[in-house]
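Reading through the structure tokens given below for one structure.
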Amino acid sequence: MPELPEVETVRRSLLPIIGARIAAVHVFDARLRRPVGADLPTRLCGRAIHGITRRGKYLLFDLADETYLLAHLGMSGALLLRRGDVGRAPHDHVRLHFADGRHLTYNDPRRFGILRLGRLAEFDELRHVGPDPLTNEFSLAALATLTRGRKKPIKNLLMDQQGLGGIGNIYANEILFCAGLRPGRQARRLTRAELARLFAAVRAVLRTAVDLGGSSISDYRDAAGRPGYFQLQLNVYDRAGAPCPRCGTTIKRVVHAGRSSFYCPRCQR
DNA sequence: ATATGCACCTGTGTGC
DNA sequence: TGCACACAGGTGCATA
């Protein structure tokens, strides 16, 4: 479910918990991709949320004293901020209760997500997260460096979190449509002009998707339960057999490195 | 080093 | 209706 635009939308929808103090923690099921630490409740209780930042698809809750709660939503994770008695729904795994009566529930049917407490330097998963494509750490020159000498398909390079943090399968496909590039093109074969189009497309697609609150394809919601609207703007993702919105040619599906790629054979070269 | 295949887990849609 | 199978927003490890 969640790529950069969805995670950023969740982050923004969680900002109202800044300042809230954690009064109780319930771990219903610790079996996530990494098991939730048995000491999580003890270590969280009494702490307050001082800030929430994002690194690629990861969220970092600042708990002060150099301690952070690291969260990743995997393929199907959601964080829901509510108040009152809501019971335990299927796939509710962890719930933080705040002193003011609100509570934050981590729900994840596939359990590919992560909730982990520690210091920044302890989070080895963050070492594989490259620069954020929406900041000025990312530039045309940086994109050119990333692609230099790389034989893999440009789509898989865009999805490599070590190069750029936050692009997943939906947005890689949409970015390449916007840039007019086939997903299977070898990264090192892109011309200067194509790299410039690609750079602009990364920025344009991700910014628009954040503005629209991400893509709600089946069940993605932000922390307040609101859906995103970028799914209404998808040009190629999951549209195999349907007409290209620009030229009417039938959208094709191929597989690159085990992930579905969608493209218009006429608009994308 | 680099690129791919597969496993992890549950739900959903499709075809027989 | 039941069943088998393919596929799904991600990542990390094993393998060439």
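Naming: A, B, ... by sequence-line order, numbering from 1 per chain. No hydrogens, no waters, no symmetry mates; every other heavy atom, side chains included, goes into these values.
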In whole angstrom, give the distance that lies between atom CG of A:Leu73 and atom C1' of B:dC9. 16 Å

Is it the case that one hydrophobic cluster holds both A:Leu69 and A:Ile114, taking links as side-chain heavy atoms less than 4.5 Å apart, direct or via other members? no

Heavy-atom side-chain proximity of A:Val205 to A:Phe230 below 4.5 angstrom: yes

Gap separating the SG atom of A:Cys264 from the CG atom of A:Leu176, nearest 0.5 angstrom: 13.0 Å

Run the side-chain hydrogen bond (donor to acceptor under 3.5 Å, both in side chains) check on A:Asp92 and A:Thr105 step by step: do they pass? CA-CA 7 Å; A:Asp92 281 352; A:Thr105 303; 5.1 Å; no

Is it true that, when you exclude A:Asn136 itself, more than 12 heavy atoms of the residues, nucleotides or ligands shown sit nearer than 6.0 Å to its CG? no

If I pick the C1' atom on C:dA6 and the same atom on B:dC6, what distance separates them, to the nearest angstrom? 16 Å

Test item: A:Glu8 and A:Val210 side chains (from C-beta on) under 4.5 Å apart, heavy atoms: yes

For residues A:Phe28 and A:Val94, determine if any side-chain heavy atom of one lies less than 4.5 Å from a side-chain heavy atom of the other. no

Can you give one letter per nucleotide of nucleotides 9-16 of chain C, 5' to 3': B if a protein heavy atom sits under 4.0 Å from the base, S if only from the sugar-phosphate, - if neither? BBBS----

Using atom names, set out every protein N or O paired with an N or O of nucleotides 3-5 of chain B below 3.5 Å, distance rounded to 0.1 Å.
unit_1	atom_1	unit_2	atom_2	d
B:dA3	OP1	A:Lys151	N	2.7
B:dA3	OP1	A:Lys152	N	3.1
B:dA3	OP2	A:Arg150	NE	3.0
B:dA3	OP2	A:Arg150	NH2	2.7

For B:dT12, what is the paired nucleotide under Watson-Crick or G-U wobble rules, both distances under 3.5 Å? C:dA6

Would you say that A:His103 contacts A:Arg82 through its side chain, given a criterion of any heavy-atom pair below 4.5 Å between the two side chains? yes

